[in-house]
S.K.: 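Please see the structure below; I have some questions.
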Amino acid sequence: MPEWSQAGGWGLLAGSALLLGAALGWFVPVPRRVIASIMAFGAGVLLSAVSFELIAEAHEQGGLLPTAVGAAGGAVAYTGANVLLARRGARHRKRSGAQPSERDAPGSGSAIAVGALLDGIPESVVIGASLLTGGPVSLVTVVAVFLSNVPEGLSSAAGMRRAGRSSRYVFALWAGIALVSGLAALAGYTLLGGAPPEVLASITALAAGAILAMITDTMVPEAFEDAHLLVGLITVAGFLTAFALSHA
């Protein structure tokens, strides 16, 4: 199979976890404490992937300066976009019980959709870019994104249902984002092919910075809201799970 199609396929696979989580959140009455616990686990998984896969790889490829500049740039870009979306009603897009309805905040549905894209694209780009080193795709990154996407889709879909949004909206949203995830992974592979190591390092670190900002802005608050004192233990469990996968 050509590597470009592999990149798109792996991105689509990781993104499909959002649809799986959304189905669970819509059809299964999962208690909010359980949702928060799963979100904490997913946050730990992504934290490990950012640390040991993305940042470490970027540093190895390009050194400290491109890594630091890229990570800072990713965090600034994500935070700026997130601030704009928060003003449109998408601040709590991953929350299972705090999302505004369209009646309360007109346009919040569109803002939530854009915010979900903002959350997913950096993860998918690095999946595609990981094939540019000449080896197989980073399975740890794919698994980490997949495991973290399930609670994201679950929590967000549960919140959308409580806010009165239709099943058509919810499943069309997550199916579309799964497709965009595959396209973003494909873009990460095709657009960055032949780029110097320093550029690849900066792009990888930029995605890592954006993901880290996303974790602390959206996933950790949802986890802490209901899991409380257990959130630290559950997050560490997710972190160690991904760490073990990267050293298997």
Side-chain angles (χ1 to χ4, degrees), residues 2-19 42 45-62 66-82 85 113-149 152-153 174 176-215 217-219 242 246:
E3 284 192 340
W4 63 266
S5 61
Q6 291 183 44
W10 286 116
L12 182 61
L13 175 63
S16 68
L18 290 166
L19 195 57
V45 168
L46 271 185
L47 284 170
S48 180
V50 167
S51 302
F52 298 107
E53 293 293 313
L54 304 184
I55 291 294
E57 180 182 341
H59 183 264
E60 183 178 344
Q61 285 179 326
T67 301
V69 171
V76 169
Y78 177 89
T79 301
N82 200 42
L85 289 169
V114 175
L117 284 173
L118 176 68
D119 297 337
I121 286 177
E123 303 168 343
S124 301
V125 168
V126 295
I127 288 174
S130 69
L131 283 166
L132 294 174
T133 59
V137 71
S138 173
L139 285 177
V140 175
T141 302
V142 173
V143 171
V145 173
F146 187 95
L147 290 178
S148 64
N149 277 347
E152 287 184 42
W174 292 118
I177 293 172
L179 290 174
V180 171
S181 296
L183 293 174
L186 178 61
Y189 176 81
T190 57
L191 298 180
L192 297 176
E198 293 79 11
V199 174
L200 286 176
S202 297
I203 296 297
T204 301
L206 186 145
I211 293 169
L212 186 56
M214 181 271 291
I215 294 169
D217 276 353
T218 61
M219 296 183 73
S246 67

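Any value given below was found using the heavy atoms of this structure, including those in side chains, with hydrogens, waters and symmetry copies removed.
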S.K.: Please report the interatomic distance CG(Leu200) to CD(Gln61), rounded to the nearest 0.5 Å.
M.R.: 5.5 Å

S.K.: Has Asp217 got a side-chain atom pairing as donor or acceptor with Thr79's backbone, closer than 3.5 angstrom?
M.R.: no

S.K.: Nearest 0.5 Å, please: how far is CG in Leu54 from CG in Leu206?
M.R.: 11.5 Å

S.K.: side-chain contact (heavy atoms from CB on, under 4.5 Å) with Val76: which residues, sequence neighbours excluded?
M.R.: none

S.K.: Taking the side chain as every heavy atom from C-beta outward, state whether Thr204 and Val125 have any pair of such atoms under 4.5 Å apart.
M.R.: no

S.K.: Hey, are the side chains of Glu123 and Asn149 touching, using non-hydrogen atoms and a 4.5 Å cut-off?
M.R.: yes

S.K.: If you define the side chain from C-beta out and look only at heavy atoms, does anything of Met214 sit under 4.5 Å from Leu46?
M.R.: yes

S.K.: First locate atom OG1 of Thr141, then atom CZ of Phe146, and finally report the distance between them rounded to the nearest 0.5 Å.
M.R.: 15.0 Å

S.K.: What are the two closest non-hydrogen atoms of Gly11 and Ser181, and how far apart are they?
M.R.: O-CB, 3.6 Å

S.K.: I need the Ser51 OG to Leu212 CG distance, nearest 0.5 Å.
M.R.: 7.5 Å

S.K.: Working to the nearest 0.5 Å, report the span between CD1 of Ile211 and CD1 of Ile55.
M.R.: 9.5 Å

S.K.: Can you give me the closest heavy-atom contact between Pro66 and Ala205, atom names plus distance?
M.R.: O-CB, 4.3 Å

S.K.: Nearest 0.5 Å please: distance from the CD atom of Glu57 over to the OG1 atom of Thr67.
M.R.: 10.0 Å

S.K.: For Ala56, which residues count as a side-chain contact (heavy atoms from CB on, under 4.5 Å) partner, sequence neighbours excluded?
M.R.: none

S.K.: So, using side-chain contact (heavy atoms from CB on, under 4.5 Å) as the criterion, who are the partners of Val69 when residues are at least two apart?
M.R.: Leu65

S.K.: Do you know the tightest heavy-atom contact between Ser246 and Glu53?
M.R.: CB-OE2, 3.4 Å

S.K.: Looking only at heavy atoms, which two atoms of Tyr189 and Ala7 are closest? And how far apart?
M.R.: CB-CB, 3.7 Å

S.K.: Quick one, Trp10 and Ser124 - any side-chain contact, counting heavy atoms below 4.5 Å?
M.R.: no

S.K.: What's the shortest heavy-atom distance between Val145 and Ala14, and which atoms?
M.R.: CG1-CB, 3.8 Å

